[in-house]
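Side-chain atoms are counted along with the backbone in the values below, which use heavy atoms only and exclude waters and symmetry mates.
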Amino acid sequence: MNSIVSLALLSLFLPLKMILGPVQLRPFDLMVVVLCAMTAVIAPRLPARPRPVAGFYLFCAYAAWHAFSAFLVSSGNGIRELLQVTIILAFGGCVIALLPVLNLKRIGMFLLIGMAAVTAWSIVWHLQHGFLTGWKRLDDPKTTFTFLPTALGCALLFAARNRKRVYIGLWGLLGVIILLSGERKALGIYVLITAAFLARGRFSPAPILLVGAAAAASISLLAASNAYMATQLQSFMDPLDSRNSFESVVRGGTPQSFSNSQRLFAVNLSRQLIAESPIIGTGTNGYTDRLAQEFYYVPAFLRVNIHGEPLRVLVENGLVGLLLYLSFWIVSLRATLRSCRQLIHAWPLPPASAFILLAILVAPLVFYALFEGSGTHMFIVGLLVTLYPALINEMAVRRRPDLLRAFSASRPVGSSFPRQQPPGFRRGRGHVA
């Protein structure tokens, strides 16, 4: 089971997919089918436990509206989206049901090693094709730059003292790799998590400014001798791409940043689509359908989906979809913070480490949701944020079995954390009494 869960997640970073009519089949889908069969046999024998899964139920409601909205565009589109959300919800349900028997530490280490291997392969591929920097031309493998900081950050936070230096060295190496990759989301995530480590979980602007200045200086030095890094630096400084207007791009002009220009174009078109149908939206994938019908003449890099899930949800699923989307995020993030405090208390680590853990876990998901296009990966991001409370809760209970008795006495199965915390824990900043 641990291998199936690990391989299913790791397969999402590989460029392996098959198009069968309107459906796109991935190895992830086949592994979820196997996992469901295993869950049907094993889960009934496992003891029931209280788990914070309220966010997952809200995610199911959002997924149902997402699938229903897809039928507003076409029946084929609806069937494709319905199959996608069914697979992802089935995976989430299996993970929740199998939590008592999953080896979360082994799964995490397998993902860390696996993502590192995919990253190394991607870098070698780029070097063989003459790309000394800008290692993000493979869509699925480049996602590892976004999520490697989570896996390595957790390993660094919970590492034994005799291994801390090794993980600190690997963390520095990861920073260099992300910098050379040109993946701006990953660089923002790395800066934020590094600042959280330096600030030791306390809110202080100094570490953020320090790490940000170091990153900017490094990019500036690279930009002096590398045209690609110079372009990336310019895209940071001019995110609205003011050098080229939309009209000049349509006439064949080259923007400073293709991604920035696409985002600006998407925002302008989204305003029109939101005004037309603010409540229920244009329907899932209605934005790309509208592009194909009315904007077939614009360059291909503009005819892609909206990069930014909240905006896409508002455009395609309306205010109803956006409220459902934000609800599972808010509920899950609150529960995740409580879970982080419990885990840090159970380990134990300094109370402020809960905020370091929260930054490690949540920053990549937030950056990905705000700046990446929709698809299977985006739904997995939504699923992960709803599973975090249950996963962290399980780790805390295994570290301190007495926490399970406190949870069971305070809340029924399937509920969130008890409002009355276990003995020795004080609310607020999570100090241990």
- Message: Between F265 and F295 (judged by ring centroids, cut-off 6.0 Å), do the two rings come close enough to count as a pair?
- Response: yes

- Working to the nearest 0.5 Å, report the span between CE of M31 and CD1 of I87. 12.5 Å

- State, with a plain yes or no, whether a side-chain heavy atom of V381 is found less than 4.5 Å away from one of V385. no

- Is there a donor-acceptor pair under 3.5 Å between the side chain of T386 and the backbone N or O of L383? yes

- Side-chain heavy-atom pair L357, C154 within 4.5 angstrom cut-off: yes

- Identify the two heavy atoms, one from A8 and one from S11, that lie closest to each other, and give their separation to 0.1 Å. O-OG, 2.6 Å

- Using distance alone, with no hydrogens and no angle criterion, decide if T284 and N77 have a side-chain donor and acceptor under 3.5 Å apart. no

- Task: Could you tell me whether a side-chain N or O of T288 sits under 3.5 Å from a main-chain N or O of N285, the two making a donor and an acceptor?
- Result: yes

- Message: If we ignore hydrogens and angles and just use 3.5 Å, is the side chain of N2 paired with the main-chain N or O of L102 as donor and acceptor?
- Response: no

- Note on the structure: Minimal heavy-atom distance between L370 and P310, with the atoms involved, is CD2-CG, 4.0 Å

- Message: Could you walk me through whether D140 and F13 satisfy the side chain to side chain contact (heavy atoms under 4.5 Å, CB included) test, starting with their C-alpha distance in whole Å, then the side-chain angles of each, then the deciding distance to 0.1 Å, before giving a yes or no?
- Response: CA-CA 5 Å; D140 292 319; F13 300 106; 5.7 Å; no

- Task: Apply the test side chain to side chain contact (heavy atoms under 4.5 Å, CB included) to residues L99 and L104: give CA-CA distance (whole Å), side-chain angles for both, the deciding distance (0.1 Å), then the verdict.
- Result: CA-CA 8 Å; L99 266 181; L104 300 179; 4.3 Å; yes

- Message: Checking Y368 against F147 for the ring pair (Phe, Tyr, Trp, His ring centres under 6.0 Å) test, could you report, in this order, the C-alpha distance in whole Å, the side-chain angles of both residues, the deciding distance, and whether it holds?
- Response: CA-CA 9 Å; Y368 195 89; F147 294 102; 5.6 Å; yes

- Item | Side chain to side chain, L7 and F110, heavy atoms closer than 4.5 Å | yes

- L148 and L112: side chain to side chain contact (heavy atoms under 4.5 Å, CB included), yes or no, with the steps? CA-CA 7 Å; L148 256 178; L112 173 58; 3.9 Å; yes

- Task: Measure the spacing between CG of L9 and CG of L12 and express it to the nearest 0.5 Å.
- Result: 6.5 Å

- Query: Less than 4.5 Å apart, any side-chain heavy atom of I280 and any of L72?
  - Reply: yes

- Item | Side-chain heavy-atom pair S69, V320 within 4.5 angstrom cut-off | no

- Can you tell me if H129 uses its side chain to pair, donor with acceptor, with the backbone of W125 under 3.5 Å? yes

- Backbone N/O of P141 and side chain of S122: donor-acceptor pair under 3.5 Å: no

- Task: Working to the nearest 0.5 Å, report the span between CG of L152 and CG of L173.
- Result: 9.0 Å

- Checking T119 side chain against M115 main chain: does a donor-acceptor pair fall under 3.5 Å? yes

- Task: For residues F145 and P149, report the shortest heavy-atom separation together with the two atoms involved.
- Result: O-CD, 3.3 Å

- Are W171 and Y190 close enough that their ring centers fall under 6.0 Å? yes

- Please examine the side chains of K105 and R398, heavy atoms only from C-beta on, and report whether any two atoms are closer than 4.5 Å. no

- Message: What I want to check is whether the side chains of N393 and S339 have a donor and an acceptor closer together than 3.5 Å.
- Response: no

- If every non-hydrogen atom of G382 is compared with every non-hydrogen atom of F59, which pair is closest and at what distance? C-CE1, 3.8 Å

- Counting distance only, does the side-chain N/O of K142 pair as donor-acceptor with the main-chain N or O of E183 below 3.5 Å? no

- Query: Just how far is it from atom CG of L365 to atom OG1 of T146, taken to the nearest 0.5 Å?
  - Reply: 10.5 Å

- Message: Check for me whether the distance between the ring centres of W65 and Y62 falls short of 6.0 Å.
- Response: no

- Test of ring centre spacing under 6.0 Å for F56 and F328: no

- Which is it for R312 and E372 under the salt bridge (Lys or Arg N to Asp or Glu O under 4.0 Å) test, yes or no, and what are the steps along the way? CA-CA 10 Å; R312 185 207 65 80; E372 193 55 68; over 6 Å; no

- Task: Taking all non-hydrogen atoms of both residues into account, name the closest pair between G55 and V331 and its distance.
- Result: N-CG1, 3.9 Å

- For the residue pair S332 and Y388, establish whether any side-chain heavy-atom pair is separated by less than 4.5 Å. no

- Check: D29 side chain, R26 main-chain N or O, donor-acceptor pair, under 3.5 Å: yes

- For E316 and T282, indicate whether the former's side chain and the latter's backbone hold a donor-acceptor pair under 3.5 Å. no

- If you draw the axis of the six-membered ring of Y296, does the NZ or CZ of R303 fall within 45° of it and under 6.0 Å from the ring centre? no

- Got a sec: does the CZ of F131 have more than 12 other heavy atoms crowding it under 6.0 Å? yes

- Message: With a 4.5 Å cut-off on side-chain heavy atoms, are V95 and L387 touching?
- Response: yes

- Query: Within the side chain of S327, is there an N or O that forms a donor-acceptor pair under 3.5 Å with the backbone of L324?
  - Reply: yes

- Task: With rounding to the nearest 0.5 Å, note down the distance linking CD1 in I189 to CG in L192.
- Result: 8.5 Å

- Does H66 have its ring centroid less than 6.0 Å away from the ring centroid of F379? yes

- Query: What distance separates Q84 CD from I79 CD1, expressed to the nearest 0.5 Å?
  - Reply: 14.0 Å

